[in-house]
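One structure is given below, encoded as structure tokens.
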Amino acid sequence: MGAVIRVLLADDEAMVRAGVKAILDAGGGGGIEVVAEAADGREAVALTQAHRPDVALLDIRMPRLDGLAAAEEIVRTVPGTAVAILTTFSEDAYVARALGGGATGFLLKSGDPHELVAGVRAVADGAAFLSPKVARHVIDGFGAGRRLSREAAARDRVASLTPREREVLGLLGAGLSNPEIAARLHLVEGTVKAYVSAILDRLEVRNRVQAAIVAYEAGLAE
């Protein structure tokens with residue numbers, strides 16, 4: 001086992017925090033530790049700056065400072081901490097807005113506990129993790145006409161990639177980290193990093209989550 005993943009958990013509902021903490025404690029097998037809890041966005045930023053956790057897990061709707069603004073502040077001031085957003089299907093507009101805000105994970109509050117644990121592990125490892133249900137819901141939420149337009153545009157964008165880059169993008173979209181992609185494709189990790197960098201440049205996206213959305217829209221990730 002590697003080092004323990006240190007997590008800050010922010011949600012304004014104490015019972016939600018208790019439930020998520022219990023899932024991480026049980027599912028993490030001792031490999032995940034909640035080191036701090038916050039009830040609002042400002043407290044989440046302050047505690048992240050104080051504790052420097054590996055992952056900040058943030059609810060979207062919180063008092064004083066919402067989760068999206070808190071995520072942006074954490075990404076700006078504590079770049080070593082990965083940010084994951086806890087969401088519900090009713091908040092897909094927020095998820096779409098947050099794609100450009102620097103968060104690298106989107107996890108369902110009501111999702112599979114194993115998915116929550118896998119998501120925390122993925123973002124801690126530098127990967128993007130977009131709950132498949134969240135991804136499909138966000139994409140479906142664009143409406144049929146806009147969705148078809150975006151899917152066509154995404155297919156055009158990935159057409160500029162090499163076959164190997166498309167393969168890497170599909171695995172990235174499925175939530176695999178660089179080491180996992182390297183193992184799957186029998187490559188060295190440095191080569192995968194170069195592929196990912198080239199993919200982000202060619203697709204003109206800022207981060208792995210935005211690339212994952214393109215992968216879903218183009219039909220490369222399931």
Side-chain angles (χ1 to χ4, degrees), residues 60 67-68 71-72 74-76 79 82-87 89 91-108 111 115 118-119 121-222:
I60 289 179
L68 300 181
E72 291 171 357
I74 289 169
V75 169
R76 185 179 68 82
V83 176
I85 300 293
L86 277 170
T87 185
F89 278 162
E91 296 167 329
D92 51 286
Y94 292 96
V95 176
R97 179 184 141 202
L99 287 173
T104 54
F106 292 89
L107 307 168
L108 276 177
E115 189 175 278
R121 290 192 183 282
V123 297
D125 201 25
F129 191 92
L130 195 64
S131 163
K133 290 180 181 177
V134 172
R136 293 192 186 102
H137 193 69
V138 170
I139 292 166
D140 288 346
F142 290 132
R146 188 176 171 204
R147 182 174 71 249
L148 291 173
S149 174
R150 288 181 62 94
E151 288 172 352
R155 286 192 294 272
D156 286 344
R157 291 169 78 183
V158 302
S160 68
L161 303 179
T162 67
R164 179 63 95 183
E165 287 170 344
R166 286 196 291 273
E167 197 172 13
V168 170
L169 177 60
L171 295 174
L172 183 157
L176 273 65
S177 65
N178 285 352
E180 289 170 333
I181 294 172
R184 181 76 63 88
L185 300 180
H186 307 290
L187 299 170
V188 298
E189 188 176 346
T191 300
V192 173
K193 287 181 180 178
Y195 276 127
V196 170
S197 179
I199 289 166
L200 298 185
D201 286 342
R202 287 183 186 228
L203 296 180
E204 298 180 342
V205 295
R206 291 175 54 189
N207 57 43
R208 295 173 75 108
V209 169
Q210 292 179 341
I213 286 288
V214 175
Y216 274 101
E217 290 176 333
L220 295 181
E222 298 298 333

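As a basis for the values below, the full set of heavy atoms in this structure was taken, side chains included, without hydrogen atoms, waters or symmetry mates. Here the structure is a predicted model, which means the values were calculated and not measured.
Taking every heavy atom of both residues into account, Leu107 and Gly119 meet most closely at CD2-CA, 3.8 Å. Counting all heavy atoms, side chain and backbone alike, Ser177 lies closest to Asp125 at OG-OD2, 2.8 Å. Shortest non-hydrogen contact noted between Val123 and Ala84 is CG2-CB, 4.4 Å.
Not counting sequence neighbours, the partners of Ala215 by the side chain to side chain contact (heavy atoms under 4.5 Å, CB included) test are Leu169, Leu220, Ala221. Among residues two or more places apart in sequence or in another chain, the side chain to side chain contact (heavy atoms under 4.5 Å, CB included) test is passed with Ala154 by Val214, Glu217, Ala218. Listed by chain and number, the residues in a side-chain hydrogen bond (donor to acceptor under 3.5 Å, both in side chains) with Arg184 amount to none (sequence neighbours excluded). Under the salt bridge (charged side-chain N to carboxylate O under 4.0 Å, His left out) criterion, Glu180 pairs with no residue at all, not counting sequence neighbours.
Note that the CZ atom of Arg208 and the CG atom of Leu176 stand 9.0 Å from one another [nearest 0.5 Å]. Thr162 contributes atom OG1, which lies 6.5 Å from atom CZ of Arg202 (distance to the nearest 0.5 angstrom).
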For residues 186-199, which side-chain donor-acceptor pairs fall under 3.5 Å, sequence neighbours excluded?
none

Subject >> Evaluation steps, side-chain contact (heavy atoms from CB on, under 4.5 Å), between Glu165 and Leu203 >> reply: CA-CA 11 Å; Glu165 287 170 344; Leu203 296 180; over 6 Å; no

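Counting only heavy atoms from C-beta outward, the side chains of Arg164 and Leu185 approach each other to under 4.5 Å.
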